[in-house]
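Here the structure comes first, spelled out in structure tokens, and everything after it is commentary.
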Amino acid sequence: MPASHSTRRGAPTRRGRTAAVSGAGLLTAVLLAGTLVGCAEEGEQIPSIGYAIDNTVTTYNANSVAGAVSGARQAFARVLPGFNYTGPEGGPVADTDIGTANAMPGDALTIQYKLNPNSVYSDGVPMSCDDLVLTWAANSGRFTRRNDQGATVPMFDAASTAGYTDIDRIDCQTGAKDAVVTFKAGRNVTDWKSLFGATSMMPAHVVATATGVPDIVSAVQNSDTAALTRVADFWNSGWTMTPGDLDLTLFPASGPYKVESFSADEGLVLVANDRWWGNRPATSRIVVWPKSSDISARIGDGAVEVVDVAAGSTPDLDLGGFEVTEVASRSVEQFVLSTSGLFENAAGRRAFAACLPRDELATKFGLAAEPDADGAGSGGPVGTRVTAPDSLVHQSVAGAVGGRYETADTAAATAALADTDNTSATVRIGYLGPNPRRADIVSAVAAACAPAGITVQDVASPEFTPSMLRGGQVDVVLAGTASAPGAAGTAAATTAMYALRSGNGSNFGDYSNSRVDRIVDQLAVDDSTATQLSLSTEVENILWSDVPTVPLFDQPRTVAFASGLQAGTVNPTVSGAAWNMDRWVLRR
């Protein structure tokens with residue numbers, strides 16, 4: 001039986017609990033806890049465990065725009081680990097199997113990273129600081145080129161530059177096991193412990209071979225535009241994962257599991273990595289079943305033993321025989337609005353926000369079976385975008401900005417729509433389907449907005465991606481934090497804040513406000529309570545006026561472990577339940 005319980009959000013600090021516990025030590029503790037809370041080891045161990053998620057798996061690269069809104073972070077957390085991972089309470093936990101990261105004295109934030117001397121990829125190539133340099137180059141935003149329209153755009157299609165854009169340089173000798181990362185003067189990023197974490201470090205040697213750039217470190221240090229263009233092109237799309245068509249030489253692993261195969265019928269198969277230097281995986285085979293796999297049918301076939309989905313998101317879900325937990329997650333269910341067409345003017349966005357029954361939606365769809373002690377999942381609408389419920393300033397900020405757009409106001413919506421010189425409008429809402437809960441949300445919104453002359457259309461599909469907002473195929477995305485369709489969120493507000501910053505890849509609505517940008521930049525480096533309170537209040541007032549997004553509620557997650565599964569632990573964050581999949585044991 002699993003250790004199944006509601007996981008509290010952590011101590012009242014902006015980053016949650018960040019104890020520097022080794023990956024092996026914590027995972028061993030979780031295994032023991034799962035065994036003790038569950039049942040004694042009896043029955044035969046099952047050699048394979050199925051894991052179902054509510055998202056697609058389209059790429060190995062969780063850091064690209066496409067990867068960040070896919071299930072890559074859940075699928076590959078123990079395939080491509082880093083110097084830390086997101087623990088159940090939402091904060092970064094050091095993973096010393098990969099290496100150590102220690103702050104050095106000095107005015108500028110300087111971190112010394114040391115990879116484990118034994119660290120090696122599953123193809124036999126040692127891990128090196130080249131991997132850190134590639135990660136920084138890809139996520140820094142400093143390398144640009146001209147697009148077909150002549151505009152300057154980033155070479156790398158990175159989802160977020162948070163933290164990495166503040167790095168001034170990385171001192172690394174090609175092939176070495178250590179590096180010194182120096183941040184820009186005055187840019188002492190408070191959430192630096194989350195950098196170079198699980199799924200963030202891609203294998204630089206694969207890129208070097210595929211692009212004919214033998215020394216990526218030199219290419220970055222010398223800003224070699226021609227070489228970096230080839231590197232970026234591969235980083236952006238070279239790790240695309242198409243079921244039934246994988247060149248496994250492109251997907252080496254640095255963790256306890258590696259990719260064996262990927263097909264529509266057999267799922268994404270992960271097997272033990274025989275070159276892994278840490279504790280061997282407790283179960284030699286994990287099969288990840290993405291949303292497109294008809295999870296209900298797979299459960300019925302006995303192919304799934306761990307389920308990690310948003311509550312109510314999976315059709316015909318029968319969890320009889322599972323230990324089920326429903327808990328508020330770190331992800332905020334929200335509408336992300338376009339800034340073109342009807343919504344080019346803030347008045348259009350206000351018209352849509354005004355007709356939303358946010359309080360009704362939160363009560364009906366945001367109430368978790370086990371609400372968080374800090375109030376998350378209690379059924380009330382979320383009032384802030386840049387503070388977490390357990391942060392010291394959350395209640396004060398929420399109180400200062402007041403309850404905006406909590407009830408449907410037809411008169412206000414009609415008046416705002418008139419300000420756009422329209423008496424009627426059509427709004428297309430997209431999300432990854434099928435998803436009964438989100439379909440019901442859109443239906444409720446359609447009913448509430450119709451009296452204001454706003455026709456709401458549900459344009460969900462199994463092929464939906466949030467990039468369709470940028471492409472003009474939809475007007476609104478219904479998703480979680482940073483437009484993620486599935487598991488998302490951490491204890492820090494970093495991801496949520498940067499999804500509202502100009503030019504950030506995860507800012508799918510292309511919202512831009514220079515004052516918001518400056519506030520986000522300041523909040524990233526100043527965690528004093530006074531600054532957090534003042535700037536968070538200011539930015540929320542701006543955001544409630546501009547309405548680039550409309551937060552709804554803390555997304556409830558349903559996490560289920562089959563009877564006989566040990567060491568299963570709820571992790572209602574971007575990591576999902578698979579954060580410790582290498583400790584899972586199933587006995588029957």
Side-chain angles (χ1 to χ4, degrees), residues 1-4 7 22-35 38 45-55 57 60 62 70-82 84-88 93 95 97-98 122 197-199 251 253-262 266-274 276 278-290 293 295 298-299 303-309 322-323 325 486-487 557-562 564-587:
M1 295 168 60
S4 178
T7 304
S22 75
L26 182 60
L27 294 182
T28 299
V30 169
L31 174 59
L32 292 173
T35 301
Q45 180 173 348
I46 306 302
S48 180
I49 295 174
Y51 169 51
I53 61 176
D54 57 342
N55 208 340
V57 177
Y60 202 46
S70 76
R73 286 196 172 101
Q74 293 80 60
F76 302 124
R78 300 305 292 156
V79 175
L80 293 168
N84 63 80
Y85 53 86
T86 303
V93 180
D95 189 344
D97 282 331
I98 295 299
S122 56
T199 71
F251 303 94
S254 54
Y257 288 108
K258 64 181 179 181
V259 176
E260 181 182 70
S261 63
F262 186 27
E266 302 296 330
L268 173 63
V269 179
L270 309 178
V271 296
N273 174 10
D274 54 9
W276 172 243
N279 292 336
R280 302 297 298 167
T283 295
S284 61
R285 185 176 185 267
I286 303 289
V287 180
V288 180
W289 295 104
S293 304
I295 293 172
R298 300 297 178 185
I299 292 174
V304 171
E305 289 78 27
V306 178
V307 177
D308 186 3
V309 299
F322 285 74
E323 294 261 344
T325 298
R557 301 286 296 176
T558 296
V559 185
F561 301 104
L565 191 137
Q566 301 165 8
T569 303
V570 174
N571 188 332
T573 74
V574 66
S575 292
W579 71 288
N580 71 333
M581 65 161 65
D582 52 320
R583 297 299 95 202
W584 291 347
V585 174
L586 178 63
R587 295 184 182 276

Should [X] and [Y] count as side-chain neighbours, where that means a heavy-atom distance under 4.5 Å?
X: Leu270; Y: Met581; result: yes
X: Phe561; Y: Val306; result: yes
X: Val287; Y: Glu266; result: no
X: Phe76; Y: Val57; result: yes
X: Arg78; Y: Pro256; result: yes

Once rounded to the nearest 0.5 Å, what's the spacing between atom [atom1] of [X] and atom [atom2] of [Y]?
X: Gln74; Y: Thr573; atom1: CD; atom2: OG1; value: 8.5 Å
X: Asp97; Y: Trp276; atom1: CG; atom2: CH2; value: 4.5 Å
X: Phe251; Y: Glu260; atom1: CZ; atom2: CD; value: 14.5 Å
X: Ser284; Y: Asp582; atom1: OG; atom2: CG; value: 12.5 Å
X: Thr199; Y: Tyr85; atom1: OG1; atom2: OH; value: 14.5 Å
X: Ile49; Y: Thr283; atom1: CD1; atom2: OG1; value: 3.5 Å

From CA spacing to verdict: side-chain contact (heavy atoms from CB on, under 4.5 Å), Asp274, Lys258: CA-CA 9 Å; Asp274 54 9; Lys258 64 181 179 181; 4.3 Å; yes
Is it the case that the side chain of [X] and the backbone of [Y] share a donor-acceptor pair, with hydrogens and angles ignored and the cut-off at 3.5 Å?
X: Arg298; Y: Ser293; result: yes
X: Glu323; Y: Ala562; result: no
X: Asp308; Y: Ala577; result: yes
X: Gln45; Y: Ala282; result: yes
X: Arg583; Y: Gly568; result: no
X: Thr86; Y: Ser575; result: no

What heavy-atom pair brings [X] and [Y] nearest, and what distance separates the two atoms?
X: Arg285; Y: Ser48; result: NH1-OG, 2.8 Å
X: Asn55; Y: Gly486; result: ND2-N, 3.5 Å
X: Pro290; Y: Ile295; result: O-CG1, 4.1 Å
X: Pro572; Y: Pro88; result: CD-O, 3.6 Å
X: Val304; Y: Ala52; result: CG1-CB, 3.8 Å
X: Asn571; Y: Trp579; result: ND2-CG, 3.3 Å

Pairing residues for Phe322 by the ring-ring contact (aromatic ring centres under 6.0 Å, His included) criterion, not counting sequence neighbours: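 Listed in chain order: nothing, the list is empty.
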Step-by-step side-chain contact (heavy atoms from CB on, under 4.5 Å) determination, Val307 to Thr558: CA-CA 8 Å; Val307 177; Thr558 296; 5.6 Å; no
Plane angle bin for Trp584 and Tyr51 - parallel if under 30°, tilted between 30 and 60°, otherwise perpendicular: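 Tyr51 vs Trp584 ring planes: perpendicular.
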Salt bridge (Lys or Arg N to Asp or Glu O under 4.0 Å) against Arg73, all qualifying residues, sequence neighbours excluded: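 Arg73 satisfies salt bridge (Lys or Arg N to Asp or Glu O under 4.0 Å) with no residue once adjacent residues are dropped.
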